[in-house]
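Okay, so here's the structure we're looking at.
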Amino acid sequence: MKNRKVRVRFAPSPTGPLHIGGVRTALFNYLFAKKNNGDFILRIEDTDQTRFVEGAEDYIVEALEWCGLKFDESVKNGGNYGPYKQSERKEIYRQFADKLLESGNAYIAFDSPEELDKLRKDYEAQKLIFTYNAEIRNSLTNSLVLTENEVKRRMDSGDPYVIRYKMPENTTIVMNDIIRGEVKVNSSTLDDKVLFKSDGMPTYHLANVVDDYLMEISHVIRGEEWLPSLPLHVCLYDSLGWKDAMPEFAHLPLLLKPTGNGKLSKRDGDKMGFPVFPLFWPHGETARGYREDGYFPDAFVNLLALLGWNPGTEQEIFTLEQLVELFSLERVNKSGARFDPEKAKWFNHQYMQLKSNEEIACLFKKELEKKAVEISLEKLITIVGLVKERIGFVSELWEQSWFFFNSPETYDQKIVEKKWKEETPGILQGVVNLLQEINNFERDNLEIEFKAYLEKNEIGFGQVMNAFRLCLTGGATGPDLFSIVSVIGKEETVNRINLALEKIK
RNA sequence: GGCCCGUUCGUCUAGUGGACCAGGACGCAAGGUUUUCAUCCUUGAAACAGGGGUUCGAUGCCCCUACGGGCUACCA
């Protein structure tokens, strides 16, 4: 079914914090929708009541909001196809399960989880694999073998039962994936999946097909871990008579661990020292997040976009709008992408340089308030401009600029030994005298006056600058020294030299 | 085990049969800039998993093998 309105959904399960793989799936859905003037929908898939986690739904919404991904329809802002939470759509699903029952595409099964579990173990003991399929379904307890009356009697007496899909035998199921092309599988390798659970809830398989149909979803864009259940879903569309309305599918490559094997999982972050979640997760076992680690949301989105997709050019920095403009599913890779925390930092550094000094200064000001440091925004903007290129995160600003606010209390002993010579105190005394004479503390003027003074007195630049820096910052690193002097001013500069002359022997 | 998907520098990737002794980025190394450190700039090392085909010609197409990954629940 071509030429229909593009409608895509991001359908997470509220079982905990959404991890960055999920965020990327949401992002690709968003980019595809917006590129095609379509709708981006959030649907909460909470059909498993046992795995519900308090706070997860709000977390998902907040995380995607932070990323700047706006939903056209969702649990929060509604829409014409609601409700958008599967637990609130509970009554909808049964009729479709019944429809499948009537058409003979599904059947009632009474086997208890315990019985099936035992069968699995028995099979395993014989090095066989138990599969609830055509080969075996006639020897189990279900409506295919029980009489109609017996089935009715059991159901009426409240026996728990599930509804299973009756997978056709020996049929080639041909599917098309936008990213992978044609995929074929023989139905005999598949099992009779449960569609409707004994607790009255549908499983993911039934619910997602029904909801995608009802919500007129045009494209299903999800992780590769769903590829194995695509045949079932395709069969379901067929059996329900919805073949013409079936969405197109695109299965995204997985995000892999930075080191070792396997897909990125929720535990990897703490183990490997980088966040796997967009935001801090405050419940139970807490976990750090990109937002709290100081990543800019646009940098975060940018780095995620380039995991498994690229525009084919050498450009690497993109605004969300540019990503929308350039995105296409055809340019999504097939193979899994290993997540690289180092490159993530590089992205943030790039964005740091792109941001205005004022924007960074405002963020820094909030941190300084916590330290009870008072300073004008204007001055802070100057300071940020001096140290911005040295940092990747706002949190690194303090260690790169503290000496603009405080005088050093200690002096790096190694530098003292190396740079503090016998003649140093005398030279610095001369510097103090010079500074007293200077009234224009513009950075460039300071340099001119200084150079003239040193030349006149035949003092080498290196002889004085290192010791001078030591007085002002306590060490041997930092931005341009004249700029520091210019910012902290005459009085403070002189005080620091005097302090150092007193303290360093 | 079965089914499915994949495989270009350490990592993210460009590459759609000749433009490729394979390009970019991160990281790494060396040099330069700088009063210092960082940034920055320049340079460098670094890859088509292996084997068979197809073809005048394969990174690219086909097959096999190996390896990696996913799925295999009344979880999503």
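This is a predicted model, so every value here is computed, not measured.
- Residue A:Val183 is classed as a sugar-phosphate contact, given heavy-atom separations below 4.0 Å to backbone atoms only.
- No hydrogens or angles considered: a donor-acceptor pair under 3.5 Å links the side chains of A:Asn302 and A:Tyr351.
- Distances shorter than 4.0 Å separate some side-chain N or O of A:Lys197 from OP1 or OP2 on B:C75.
- Evaluation of atom-type donor-acceptor distances gives a pair under 3.5 Å for the side chain of A:Ser198 against the base of B:C74.
- Nucleotides B:A46 and B:G23 place their C1' atoms 14 Å apart, quoted to the nearest Å.
- Look at A:Arg331 and you'll find a side-chain N or O under 4.0 angstrom from OP1 or OP2 of B:G15.
- Residue A:Arg338 places no side-chain atom within donor-acceptor reach of the base of B:U11, judged by atom type and a 3.5 Å distance cut-off alone.
- When distances are taken from the side chain of A:His349 to each of B:U39, B:C74, B:G24, the shortest belongs to B:U39.
- Nucleotides B:U7 and B:U59 have their C1' atoms positioned 12 Å apart, rounded to a whole Å.
- Distances were taken from every side-chain heavy atom of A:Asp340 (C-beta onward) to each of B:C74, B:G10, B:U39; the shortest belongs to B:G10.
- Judged by atom type and distance alone, A:Arg51 reaches the base of B:C75 through a side-chain donor-acceptor pair under 3.5 Å.
- The residue A:Leu306 sits close only to the backbone: its heavy atoms come under 4.0 Å of sugar-phosphate atoms, none of a base.
- The separation between A:Gln463 atom CD and B:U35 atom P is 15 Å, rounded to whole Å.
- Between B:A76 and B:C71, the two C1' atoms lie 13 Å apart (nearest whole Å).
- Nucleotide B:A73 holds its P atom 13 Å from the CH2 atom of A:Trp226, rounded to whole Å.
- Closest to the A:Ile129 side chain, of the nucleotides B:G1, B:C71, B:C74, is B:G1.
- Under 4.0 angstrom from either OP1 or OP2 of B:C71 there lies at least one side-chain N or O belonging to A:Lys263.
- The side chain of A:Ala476 lies closest to B:U36, out of B:A25, B:U36, B:U39.
- Note: A:Tyr290 and A:Phe339 have perpendicular aromatic rings, judged against thresholds of 30 and 60 degrees for the angle between ring planes.
- B:C21 sits 14 Å from B:A47 when the C1' atoms are compared, rounded to a whole Å.
- As rounded to the nearest Å, B:A14 and B:A19 have C1' atoms that lie 14 Å from one another.
- A:Tyr93 places its OH atom 11 Å from the P atom of B:A76, with the value rounded to the nearest Å.
- Closest to the side chain of A:Thr477, out of B:C26, B:U36, B:C4, is B:U36.
- Proximity note for A:Glu225 (side chain, C-beta onward) versus B:U72, B:C75, B:C71: the nearest is B:C71.
- Nearest nucleotide to the A:Thr189 side chain, out of B:C74, B:G69, B:C3: B:C3.
- Between A:Arg120 and B:G1, a side-chain N or O to OP1/OP2 separation shorter than 4.0 Å is absent.
- B:G24 atom P lies 14 Å from atom CH2 of A:Trp346, rounded to whole Å.
- Searching all strands for a Watson-Crick or G-U wobble partner of B:C56 with both distances below 3.5 Å returns B:G18.
- Nucleic acid contact for A:Pro253: none, since no nucleic acid atom lies under 4.0 Å from a heavy atom of the residue.
- OP1 or OP2 of B:G6 has not a single side-chain nitrogen or oxygen of A:Asn333 nearer than 4.0 Å.
- For A:Pro228, the side-chain atoms get nearest to B:G70 when compared with the rest of B:G70, B:A25, B:C74.
- Looking at the side chain of A:Tyr204, the nearest of the listed nucleotides B:A76, B:C74, B:C12 is B:A76.
- One P atom belongs to B:U8, the other to B:C40, and the distance between them is 29 Å to the nearest Å.
- What separates CG of A:Asn142 from P of B:C74 is a distance of 14 Å, to the nearest Å.
- Distance check on atom C1': B:G15 versus B:A25 gives 16 Å, rounded to whole Å.
- A side-chain N or O of A:Tyr93 and one of A:Asp211 form a donor-acceptor pair less than 3.5 Å apart.
- If you take CD on A:Glu248 and CD1 on A:Ile217, they are separated by 13.0 Å, rounding to the nearest 0.5 Å.
- Both A:His205 and A:Val185 lie near RNA chain B, and the one whose nearest nucleotide falls closer to the 5' end is A:Val185.
- The side chain of A:Lys334 lies closest to B:G6 when the candidates are B:U35, B:G6, B:C74.
- Side-chain polar atoms of A:His251 and A:Arg222 form a donor-acceptor pair below 3.5 angstrom.
- Across the protein-nucleic acid pair, A:Asn208 atom CG and B:A76 atom C1' stand 10 Å apart, rounded to whole Å.
- The partner of B:A49 is B:U65, by the rule that a Watson-Crick or G-U pair needs both atom distances under 3.5 Å.
- Under the Watson-Crick and G-U wobble criteria, each requiring two contacts below 3.5 Å, nucleotide B:C71 is paired to B:G2.
- Between A:Asp191 and A:Arg164 there is no salt bridge, since no side-chain N of the basic residue sits under 4.0 Å from a carboxylate O of the acidic one.
- Residue whose closest nucleotide on RNA chain B sits further toward the 5' end, between A:Arg469 and A:Phe110: A:Arg469.
- Separating the CG atom of A:Leu386 from the C1' atom of B:U36 is a distance of 15 Å, rounded to the nearest angstrom.
- B:A58 sits 13 Å from B:U16 when the C1' atoms are compared, rounded to a whole Å.
- A donor-acceptor contact closer than 3.5 angstrom is absent between the side chains of A:Asp48 and A:Tyr204.
- Taking a pair to require two hydrogen-bonding distances under 3.5 Å in either a Watson-Crick or a G-U wobble arrangement, B:A29 pairs with B:U43.
- In this entry the distance linking CZ of A:Arg180 with C1' of B:G6 reads 7 Å, nearest Å.
- Side-chain contact of A:Tyr161 with A:Asp111: a donor-acceptor pair under 3.5 Å is absent, judged by distance alone.
- At a threshold of 4.0 angstrom between heavy atoms, the contacts of A:Gly462 with the nucleic acid are absent.
- A side-chain donor-acceptor contact under 3.5 Å links A:Asn186 and A:Ser188.
- Of the side-chain N and O atoms in A:Asn310, one or more sit less than 4.0 angstrom from OP1 or OP2 of B:A14.
- Under 4.0 angstrom from either OP1 or OP2 of B:A76 there lies at least one side-chain N or O belonging to A:Thr47.
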